[in-house]
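Here, residue 1 is the first one in the sequence, and each next residue gets the next number. Just the heavy atoms: all of them, side chains too, but no hydrogens, waters or symmetry mates, feed the values below. Everything numeric here is computed off the predicted structure, so don't read it as measured data.
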Amino acid sequence: MSNEFRICDECRMTNVKSLAAKLKKLDPSAEIKIGCQSYCGIGYKKSFCIVNGKHVTAPSEEELLAKVEKTVQREARRQAASTT
């Protein structure tokens, strides 16, 4: 199953070009959806990304990417365990 990343192009804490490129590098087969995610309160104060339907937030883009990577790895382990 491919990952899905959703990022907002309206929130002030999100640099869409930078974040999208880094997410694509993290998972080249992931689907990246860009548009308003209706989480303006979060996006005003923190960087955020919705990963496979789960909200991931962090004070900076670099910290966000570290959390996203952990979330993706956790999901992969969970899927591997459920198929065995």
Side-chain angles (χ1 to χ4, degrees):
M1 181 180 149
S2 181
N3 291 301
E4 178 186 83
F5 301 125
R6 292 176 172 256
I7 56 177
C8 183
D9 60 349
E10 298 290 326
C11 293
R12 73 179 192 132
M13 289 299 291
T14 304
N15 181 335
V16 176
K17 289 181 183 180
S18 170
L19 184 57
K22 291 175 183 176
L23 290 171
K24 198 64 170 171
K25 187 176 179 182
L26 179 67
D27 184 357
S29 65
E31 181 179 357
I32 299 176
K33 295 185 178 181
I34 299 171
C36 180
Q37 303 301 317
S38 298
Y39 290 97
C40 302
I42 294 170
Y44 183 75
K45 297 177 182 179
K46 297 180 179 181
S47 292
F48 81 96
C49 179
I50 301 172
V51 181
N52 300 326
K54 296 179 183 178
H55 297 85
V56 180
T57 63
S60 70
E61 187 175 293
E62 294 306 317
E63 291 173 279
L64 176 66
L65 288 167
K67 286 184 172 185
V68 167
E69 186 172 10
K70 286 181 185 179
T71 302
V72 167
Q73 290 172 351
R74 191 176 325 125
E75 288 288 321
R77 284 193 306 268
R78 190 173 296 150
Q79 286 180 355
S82 68
T83 59
T84 57

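Atom CD1 of Ile42 is separated from atom OG1 of Thr57 by 6.5 Å, given to the nearest 0.5 angstrom.
A search for side chain to side chain donor-acceptor pair (under 3.5 Å) contacts involving Gln73 returns nothing, not counting sequence neighbours. Looking at residues two or more places apart in sequence or on another chain, you find a side-chain contact (heavy atoms from CB on, under 4.5 Å) between Arg12 and Tyr44. Taking Glu4 as the reference, Arg6, Lys33 meet the side chain to side chain donor-acceptor pair (under 3.5 Å) condition, with sequence neighbours excluded. Qualifying side chain to side chain donor-acceptor pair (under 3.5 Å) partners for Lys54, counting only residues two or more places apart in sequence or in other chains: Glu75.
A donor-acceptor contact closer than 3.5 angstrom links the side chains of Glu61 and Ser18. Checked by atom type, the side-chain pair Ser60/Glu63 shows a donor-acceptor distance below 3.5 Å.
For the pair Ser38 and Cys40, the minimum side-chain heavy-atom distance is 4.5 Å or more. No side-chain heavy atom of Lys46 sits under 4.5 Å from any side-chain heavy atom of Pro59.
If you chain together ILVMFWY residues whose side-chain heavy atoms come under 4.5 Å of each other, Val51 ends up grouped with Phe5, Ile7, Val16, Leu19, Leu23, Leu26, Ile32, Ile34, Val56, Leu64, Leu65, Val68, Val72.
When all heavy atoms of Asp27 and Ser29 are compared, the closest pair comes out as OD1-OG, 2.9 Å. Closest approach of Ala30 and Lys24 over heavy atoms only: O-NZ, 3.1 Å.
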Item to check | Criterion side chain to side chain contact (heavy atoms under 4.5 Å, CB included) on Met13 and Phe48, from CA distance to verdict | outcome: CA-CA 8 Å; Met13 289 299 291; Phe48 81 96; over 6 Å; no
Checklist entry - Would Lys22 and Glu62 satisfy side chain to side chain contact (heavy atoms under 4.5 Å, CB included), going step by step from the backbone distance to the final call? => result CA-CA 10 Å; Lys22 291 175 183 176; Glu62 294 306 317; 2.8 Å; yes
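Identified under the ring pair (Phe, Tyr, Trp, His ring centres under 6.0 Å) test for residues 7-35, with sequence neighbours left out: none.
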